[in-house]
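Below you'll find the structure, written out as structure tokens, and then a few comments.
Keep in mind that what you see is a predicted model, and the values were worked out from it rather than measured.
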Number of protein chains: 2
Amino acid sequence: MTLNVVSVTVDLVLLTIRQAALQVLLIRRGIPPYPDRWALPGGFVLPGEDLGEAAARELREETGLDPQHGHFEQLATYGTPGRDPRGRVVTVAYLALLPDLPSPVPGSDAAGAAWRPAAEITPGELAFDHDRILADGLERARAKLEYTPLATAFCPPEFTVADLRAVYETVWRTRLDPRNFHRKVTGAEGFIEPTGGTVIRDRGRPAQLFRRGPATLLHPPLLRQPAPQAQSSRVGGTSRSSDL
Amino acid sequence: MTLNVVSVTVDLVLLTIRQAALQVLLIRRGIPPYPDRWALPGGFVLPGEDLGEAAARELREETGLDPQHGHFEQLATYGTPGRDPRGRVVTVAYLALLPDLPSPVPGSDAAGAAWRPAAEITPGELAFDHDRILADGLERARAKLEYTPLATAFCPPEFTVADLRAVYETVWRTRLDPRNFHRKVTGAEGFIEPTGGTVIRDRGRPAQLFRRGPATLLHPPLLRQPAPQAQSSRVGGTSRSSDL
DNA sequence: ACGTTTAGCGTCATGTTGACGATAATAGCG
DNA sequence: CGCTATTATCGTCAACATGACGCTAAACGT
């Protein structure tokens with residue numbers, strides 16, 4: 001039997017919403033390979049340490065946050081030979097959605113760390129195959145907002161419907177009708193529950209405060225699909241539905 | 001820097017539909033650990049081999065099938081210390097949905113291999129943590145049938161709407177109304193396209209043959225949810241003025 | 001020819017969705 | 001103190017989607 005010796009690491013896609021933008025925590029590498037390049041935070045899995053534990057430990061080291069402060073899940077595993085010039089490295093990536101807490105400084109043990117707007121990361125900018133990992137994480141986050149209540153993971157314990165809507169608009173890069181959005185989130189069983197309090201954010205009528213509800217799946221889901229046009233019962237295309 | 005030495009393997013959750021049941025390919029282990037127990041097929045990742053390649057190779061070795069014959073995707077990675085008594089083993093699991101081709105015999109290089117109905121696998125019956133991996137694979141398959149056209153991966157190149165409905169009914173363990181199902185799948189843009197041919201399966205009127213369409217996402221999705229009702233004012237009285 | 005069986009279309013009541021009007025409740029300003 | 005701008009929340013309506021189910025079509029066996 002061939003004994004296959006490999007190094008196993010975890011990488012983290014930490015997402016939060018700051019300054020009305022979806023931001024990802026990146027580390028500035030100080031040493032080769034890829035010196036001075038930005039990379040996802042991560043590190044080796046210690047002997048006797050579970051994969052999720054290792055990821056949680058890295059999360060704590062980088063942000064001072066616990067996984068329970070937001071949402072935390074395994075993303076995918078990357079092991080293409082040559083993805084790390086130092087040798088065969090298999091990386092288990094984790095995805096975290098975090099509230100914009102006054103993080104105790106993102107950087108601690110690295111040359112430099114910073115929240116960077118995800119939209120500004122240009123392809124090829126990150127070290128290793130972290131572009132791909134980040135893209136996978138973003139797509140996962142976008143998709144999960146549709147059918148899970150995970151948008152609340154970006155929010156503090158108490159939030160308004162407008163706060164929640166801002167999360168969707170930021171992550172999906174769309175505009176949503178405030179009235180329809182309000183109807184849908186308050187109508188989805190177990191998504192959010194009122195705390196009783198109200199706040200005035202900036203201007204306008206005070207808004208109710210909510211906390212996350214017990215649901216784990218959204219019913220009905222909040223679809224981001226633009227044109228659900230699919231009824232071609234007869235010839236004579238009604239709309240300009242582009243099924244290209 | 002701690003060099004973390006770990007063995008990396010791939011395990012496969014191979015699903016198909018045979019004899020009106022969702023079946024999974026299992027291998028009868030001949031050697032310790034877990035001798036004489038059923039386990040998911042799998043093996044070590046070879047040096048210089050990509051993870052997906054290793055999984056595809058195992059798939060070929062076990063079934064003689066190529067990944068393109070059905071659907072193939074990474075499922076999740078399992079690395080809890082102690083999950084393999086031989087040492088630290090991290091396993092990347094893959095999920096495949098395969099048509100019921102006259103497989104060139106499932107077993108080839110193992111003590112014994114067999115398609116087993118997934119519903120008959122009792123908890124604790126499988127070696128290692130393969131129960132968990134199988135459960136994750138089944139849940140993934142069930143979920144993906146909702147919003148992707150992957151049900152066609154269980155079908156041969158040409159199939160009828162009834163064949164497709166049988167896939168859904170088998171995987172979801174539900175009964176679906178043939179008329180509503182027909183309307184929905186033929187109405188979902190790009191899900192299936194008619195080939196022009198017809199067949200007579202057993203009795204009754206001949207059915208049109210279809211092939212899979214170009215869509216990668218179902219629109220609208222086929223939800224398995226029973227009752228989207230949302231007006232229970234129970235503990236936690238969510239909405240105080242919904243409707244009704 | 002007739003009954004049985006399955007395919008595929010049609011109808012209807014209800015629920016969901018997007019578009020958007022209307023009202024409520026606050027702050028700022030003259 | 002009104003007036004206006006702004007945001008929150010409720011309401012209305014048409015289009016679409018869904019489940020329940022009737023009905024016809026096209027094959028088979030006897």
Notebook entry, point to check: If you look only at pairs with a residue in residues 163-175 of chain B, which of them pass as a salt bridge (charged side-chain N to carboxylate O under 4.0 Å, His left out), with sequence neighbours excluded?
Noted result: B/D163-B/R201, B/R165-B/E169, B/E169-B/R175

Note to self: Less than 3.5 Å apart, any donor N or O on the side chain of A/Y78 or A/D136 sitting next to an acceptor on the other?
What the structure shows: yes

Check: In whole angstroms, how far is the C1' atom of C/dG8 from the CZ atom of B/F181?
Finding: 14 Å

Notebook entry, point to check: Would a 4.5 Å heavy-atom cut-off, applied to side chains only, mark B/T160 and B/Q208 as touching?
Noted result: no

Check: Salt bridge or not for A/E193 and A/R212, using N-O below 4.0 Å?
Finding: no

Check: Does the distance from a Lys or Arg side-chain N to an Asp or Glu carboxylate O, for A/R211 and A/E158, drop under 4.0 Å?
Finding: no

Note to self: Let's see if you get this right: which residues in residues 159-180 of chain A place a heavy atom under 4.0 Å from DNA chain C?
What the structure shows: A/D177, A/R179, A/N180

Next item on the list: Round to a whole Å and report the spacing from CZ of B/R224 to P of D/dG19.
Entry: 14 Å

Notebook entry, point to check: A/Y94 and side chain to side chain contact (heavy atoms under 4.5 Å, CB included): which partner among A/L51, A/L14, A/D11, A/L75?
Noted result: A/L51

Note to self: Less than 4.0 angstrom from a charged side-chain N to a carboxylate O is my criterion; do A/E125 and A/R116 meet it?
What the structure shows: yes

Note to self: Quick check on D/dA8: is either OP1 or OP2 less than 4.0 Å from any side-chain nitrogen or oxygen of A/H182?
What the structure shows: no

Margin query: Less than 4.5 Å apart, side chain to side chain, heavy atoms only: is that true for B/T122 and B/D131?
Written below: no

Next item on the list: Send over the distance from A/K184 NZ to D/dT9 C1', rounded to a whole Å.
Entry: 17 Å

Next item on the list: Under 4.0 Å from any atom of DNA chain C, heavy atoms only: list the residues of residues 196-211 of chain B that qualify, in numerical order.
Entry: B/R203, B/G204, B/R205, B/P206, B/A207, B/Q208

